[in-house]
Amino acid sequence: MLSHVVYGCQCLNIKIHLSTKYSLNDHINERKKTVVQEPEPGWEFELGMGGIIIEYRSLIQTFYGHAGWVTVKCLNCGMGSVYSIKRTENNMENIQDTDRIVIHNNSIFGSEMDSIRKSAGYSKTFNIVLLQDSKNTIPLPESTDGL
């Protein structure tokens, strides 16, 4: 059975639907043809109709890098860079207005995503893995007693 390819971060807060021209059956070989080193190591693909789905925007961080690259990280799972998109004159305002994407090395797909959906930490209500510890939280400034 042919199935389209969806990538995600390790908590599934971010999901990236690739074009239907990519197949799970031969995706490892397809990735070998699309390796890139910029803006960070990964693979360049064409986005599909499902595009990029971010369950909770408050749990991502966006970096505007050199040469017009926009890189997105997930703060919930702390896996580092998930994907990057190159800004052009046509998509300066809406970075989702593109059909090409670089998916970075730590991103998962296929059976890895299925395993996460079946894990104890995955919430069907929130559609992400809810972390039980605070190792990936953003440090808050120290409180001042005088305020």
Side-chain angles (χ1 to χ4, degrees), residues 1-140:
M1 178 178 135
L2 293 177
S3 183
H4 77 284
V5 181
V6 179
Y7 274 85
C9 66
Q10 295 171 2
C11 69
L12 303 185
N13 181 40
I14 300 171
K15 294 178 243 6
I16 305 158
H17 295 261
L18 299 188
S19 168
T20 56
K21 73 181 189 179
Y22 306 109
S23 162
L24 272 176
N25 296 342
D26 196 38
H27 194 61
I28 297 297
N29 289 326
E30 290 171 338
R31 287 186 352 164
K32 292 175 185 174
K33 301 173 193 171
T34 62
V35 172
V36 294
Q37 296 302 316
E38 296 227 357
E40 295 178 27
W43 307 274
E44 185 173 4
F45 296 111
E46 186 177 319
L47 277 171
M49 296 267 307
I52 301 165
I53 297 172
I54 299 171
E55 294 291 338
Y56 299 96
R57 291 195 174 276
S58 59
L59 296 177
I60 66 165
Q61 190 169 30
T62 304
F63 296 91
Y64 295 86
H66 69 284
W69 286 102
V70 178
T71 299
V72 176
K73 296 181 178 188
C74 180
L75 298 173
N76 188 48
C77 59
M79 67 165 270
S81 299
V82 180
Y83 71 90
S84 295
I85 293 177
K86 182 117 179 183
R87 289 184 293 165
T88 65
E89 287 188 27
N90 294 336
N91 70 354
M92 288 298 279
E93 297 298 318
N94 181 6
I95 62 170
Q96 299 227 31
D97 185 23
T98 185
D99 68 343
R100 305 296 297 173
I101 189 167
V102 173
I103 298 176
H104 299 297
N105 287 345
N106 291 333
S107 300
I108 60 171
F109 74 98
S111 62
E112 293 171 296
M113 292 180 73
D114 294 336
S115 295
I116 288 174
R117 283 189 186 96
K118 294 174 186 172
S119 71
Y122 183 77
S123 168
K124 291 180 182 177
T125 303
F126 296 107
N127 295 319
I128 65 170
V129 173
L130 299 175
L131 300 178
Q132 300 298 318
D133 60 13
S134 61
K135 70 177 181 166
N136 292 320
T137 58
I138 300 169
L140 297 174

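Just so we're clear, the structure is a prediction, and the values are computed from it rather than from any experiment.
Rounded to the nearest 0.5 angstrom, Ile108 CD1 and Ser115 OG are separated by 8.5 Å. Considering CD1 of Ile101 and CD1 of Ile85, their distance stands at 4.5 Å, rounded to 0.5 Å.
The closest donor-acceptor contact from the side chain of Thr62 to the backbone of Val72 lies at 3.5 Å or more, if one exists at all. Side-chain atoms of Glu38 never come within 3.5 Å of backbone atoms of Trp69 as a donor-acceptor pair (strictly under, hydrogens ignored).
The two residues Ile14 and Cys74 have their closest heavy-atom pair at CD1-CB, 4.0 Å. Across every non-hydrogen atom of Leu75 and Ser58, the tightest pair is CD1-O, 4.4 Å. The shortest non-hydrogen separation linking Val102 to His104 is CG1-CE1, 3.7 Å. Here the shortest heavy-atom pairing between Cys77 and Gln10 reads SG-N, 3.6 Å. Contact between Met113 and Val6 at its shortest, heavy atoms only, is SD-O, 3.1 Å. Nearest heavy-atom pair across Cys11 and Asn76 is SG-ND2, 3.2 Å.
Judged as a side chain to side chain donor-acceptor pair (under 3.5 Å), and not counting sequence neighbours, the contacts of Thr71 are Ser84. Scored by the side chain to side chain donor-acceptor pair (under 3.5 Å) test, Glu46 finds Lys21 as partners (sequence neighbours excluded). With sequence neighbours excluded, the residues that form a side-chain contact (heavy atoms from CB on, under 4.5 Å) with Glu55 are Asn13, Lys15, Ile53, Asn127, Ile128. In terms of the side-chain contact (heavy atoms from CB on, under 4.5 Å) criterion, residue partners of Ser123 (sequence neighbours excluded) are, by chain and number, Thr125, Phe126, Leu130. In terms of the salt bridge (Lys or Arg N to Asp or Glu O under 4.0 Å) criterion, residue partners of Asp114 (sequence neighbours excluded) are, by chain and number, Arg117. Partners of His27 under the ring-ring contact (aromatic ring centres under 6.0 Å, His included) rule, at least two apart in sequence or in another chain, are Tyr7, Phe45, Phe109.
You'll find the side chain of Arg100 stays beyond 4.5 Å of the side chain of Lys86, heavy atoms only. The shortest distance between side-chain heavy atoms of Ile60 and Val82 does not fall below 4.5 Å.
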Original post:
Checking side-chain contact (heavy atoms from CB on, under 4.5 Å) for the pair Cys9/Lys73: CA distance, chi angles, key distance, verdict?
Top reply: CA-CA 9 Å; Cys9 66; Lys73 296 181 178 188; over 6 Å; no
